[in-house]
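The structure appears right after this line, and notes come after that.
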Amino acid sequence: MFKKQVYVERRLKLRKKIKSGLVMVLGNTESPMNYKSNTYRFRQDSNFLYFFGLDIPGLVGVIDIEDGKDCLYGNDFDIDDIIWMGPQPTLKELGEKVGILSTHPLKELYSTLSRSIQRGRHIHFLPPYRAENILLLEQLLGINQTVIKNYASVELIRAIVNLRSVKEDVEIAEIEKACEVGYQMHVTAMRMAKPGISEQAITGAIEGVAIGQGYMPSFPIILSQNGETLHNHDHSQILTSGRLLLVDSGAEISSHYASDFTRTIPVDGKFTERQKDIYNIVLAANNKAIEISKPEISYMDVHKAAARVIVEGLTKLGLMKGNPDDAVANGAHALFFPHGLGHMMGLDVHDMEDLGENYVGYDDEITRADQFGIAYLRLGRRVQNGFVLTVEPGIYFIPALIQKWKSEKINKAFINYAKVEEYIGFGGIRIEDDILITNNGSRILGKRIPVTIDEIEALMNP
Ligand code: GLY
Ligand code: MN
C-alpha cells in the first residue's frame with residue numbers, strides 16, 4: 001500500500017474530471033470455490049485499489065462530487081470474525097490509512113443512494129464483472145442485473161482510464177518489482193527445461209517462484225510445447241527433443257502490480273537452424289517495436305511496423321511473397337501473427353480491461369480495425385509518456401488456420417501455401433517484454449530476460 005497522500009491526490013484528480021453526482025467504486029467480496037467458507041484467494045478490484053488502497057473484502061468507496069466528501073462503507077468485524085481471524089482493524093482505522101474520515105456501515109449505503117436517486121443525482125458506477133457485485137448493484141440501484149452494465153458511467157470510465165494510463169513513479173517502482181519476479185520465473189523455466197520433464201513440473205515450479213514470495217502469477221501460466229495455441233493452459237505433455245517450449249507468465253506482487261513476459265526456448269537447449277530462422281524474425285519484430293515506441297506514436301502503427309518485419313522475414317524464407325506493404329495492408333501476416341502486438345499493463349495484467357477495451361486502447365481518433373488479426377489488437381491509440389505496455393509479437397503455425405485460409409484461397413497472392421504446410425508441427429514463437437514510454441522513447445522494464453539465441457543457449461547450457 002502507498003502512503004495515504006497518494007490515494008487522497010488520486011481522488012482529488014478524479015473529482016476534477018467528474019461534473020456532478022456520486023462516484024461509487026465497489027470493492028470485491030470473497031468468492032466461494034466449493035462452499036461458502038472455502039474461498040478463492042481474495043483479489044481486490046483494481047479501481048478500488050487505485051483510489052481507496054484497501055486490500056480487504058466487502059468495502060465500497062463513495063466520492064461525493066458536490067459536498068466534497070469521500071466515504072467508506074463496510075461492516076466492522078465482529079467477535080466471531082476476530083475469534084477465527086485474529087485482531088482486525090476497525091473501519092475507522094482503515095479509512096484513516098487512506099485519508100477518509102467518513103466511514104459507515106454498509107447498510108447506510110442503501111439510504112444514501114436512495115436519497116440521492118430521489119433528488120435526481122447521478123450515481124456513477126463502473127461496469128461490474130463479478131456476479132456478487134452485479135447483484136449488489138441491482139439491490140442498491142434497482143436496475144435489473146441483465147442490463148446493469150448499460151448504465152455504467154462512461155464519464156467515470158473515461159476519467160479513470162485517463163488517470164490510470166499514465167503511471168506514477170511509485171507505480172513504476174512496483175511494476176519493476178513485479179518484473180524482477182517475472183525474470184526469476186522465466187530463468188527458472190529455462191534452467192529446468194530438458195527432454196523428459198513435464199510441462200506441469202515447470203509450471204508448478206515457476207508458479208512457486210511467485211507464491212513462495214507471497215505473490216501470485218498475474219494470470220494463469222501459459223507453458224506449452226504447442227505454442228501455436230495462443231493461450232494454451234494445458235500442461236499435460238512431457239518435453240520432447242526437437243520441440244520448442246513457449247512460456248508466457250508474469251507475477252502479481254502484493255501491491256497487485258503485474259508483469260507479463262513471454263520467452264520461447266528449445267527443449268534441447270539448442271535451437272535448430274529452422275527454429276533460429278523463425279525466432280530471429282520474431283526477435284527483430286520485438287526489437288523494432290521497442291525501438292520505435294515513443295510518445296505520440298500510435299500503437300496501431302507500431303503493430304503494423306512489427307507485422308512488416310514479420311512479412312519481410314517470412315518472404316526471405318519463401319513462406320510469403322509479393323510486396324510486403326501490400327501484404328500487411330491486406331492482413332496476410334495474420335496467418336502467422338493473428339493477435340495484437342500488446343496491451344497496457346499495471347494493476348491488471350491487461351490493464352483496465354474491465355472498463356472496456358475500446359475505452360482503454362482506442363479513442364475518437366483511432367478506432368478498432370475489423371480486419372482479422374489486427375482486430376484483436378487491444379491497444380491502438382497514441383501512447384504517452386508514462387504508459388506501460390507489453391510488446392509481444394509472434395509467429396505461429398496453426399494447422400486449422402492454415403487449412404482454412406488455403407482452402408478459401410485467402411491472401412493467396414502473398415502466401416506460399418506449399419511451403420507453409422512444411423511447417424505444420426513447428427509450434428509457435430512469441431517474445432514479450434514490458435516497456436515504459438519515456439519522454440523521448442521507451443525503456444524495457446526489469447532486467448531483460450535472456451532473449452537472443454546466444455543468451456538463451458548460454459543460460460540453458462551452463
Ligand atoms: N500474456 C498473456 C496475455 O497478454 O494475454
Ligand atoms: Mn501480454
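Indexing begins at 1, ligand by ligand and atom by atom, following the structure's order. The first residue in the sequence is number 1, and the count goes up from there.
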**OP:** Tell me the residues surrounding ligand 1, counting only those with a heavy atom closer than 4.0 angstrom, sorted by chain and number.
**Re:** Phe219, His231, Asp248, Asp260, His343, His350, Glu392, Glu432
**OP:** Provide the protein N, O or S atoms situated under 2.8 Å from the Mn ion (ligand 2); waters are not included.
**Re:** Asp260 OD2, His343 NE2, Glu392 OE2, Glu432 OE2
Original post:
So Phe52 and Phe48, would you call those rings parallel, tilted or perpendicular, with 30° and 60° as cut-offs?
Top reply: parallel
Original post:
Is the shortest side-chain N to carboxylate O distance from Lys406 to Glu421 below 4.0 Å?
Top reply: yes
Original post:
Heavy-atom count around Asn34 CG within 6.0 Å, excluding the residue itself: above 12?
Top reply: yes
Original post:
Got a sec: does the CG of Asn144 have more than 12 other heavy atoms crowding it under 6.0 Å?
Top reply: yes
Original post:
Should the pair Phe337 and His303 be assigned to parallel (<30°), tilted (30 to 60°) or perpendicular (>60°) ring geometry?
Top reply: parallel
Original post:
Are His339 and Tyr396 near enough that their ring centres are under 6.0 Å apart?
Top reply: yes
**OP:** Evaluate the criterion salt bridge (charged side-chain N to carboxylate O under 4.0 Å, His left out) for residue pair Lys167 and Asp351; output intermediate values, then yes/no.
**Re:** CA-CA 11 Å; Lys167 271 51 183 184; Asp351 212 20; 2.7 Å; yes
Subject >> Exceeds 12 heavy-atom contacts within 6.0 angstrom, atom NZ of Lys3 >> reply: no
Original post:
Is any NZ, NE, NH1 or NH2 atom of the basic residue among Glu9 and Lys13 found under 4.0 Å from an Asp or Glu carboxylate oxygen of the other?
Top reply: no
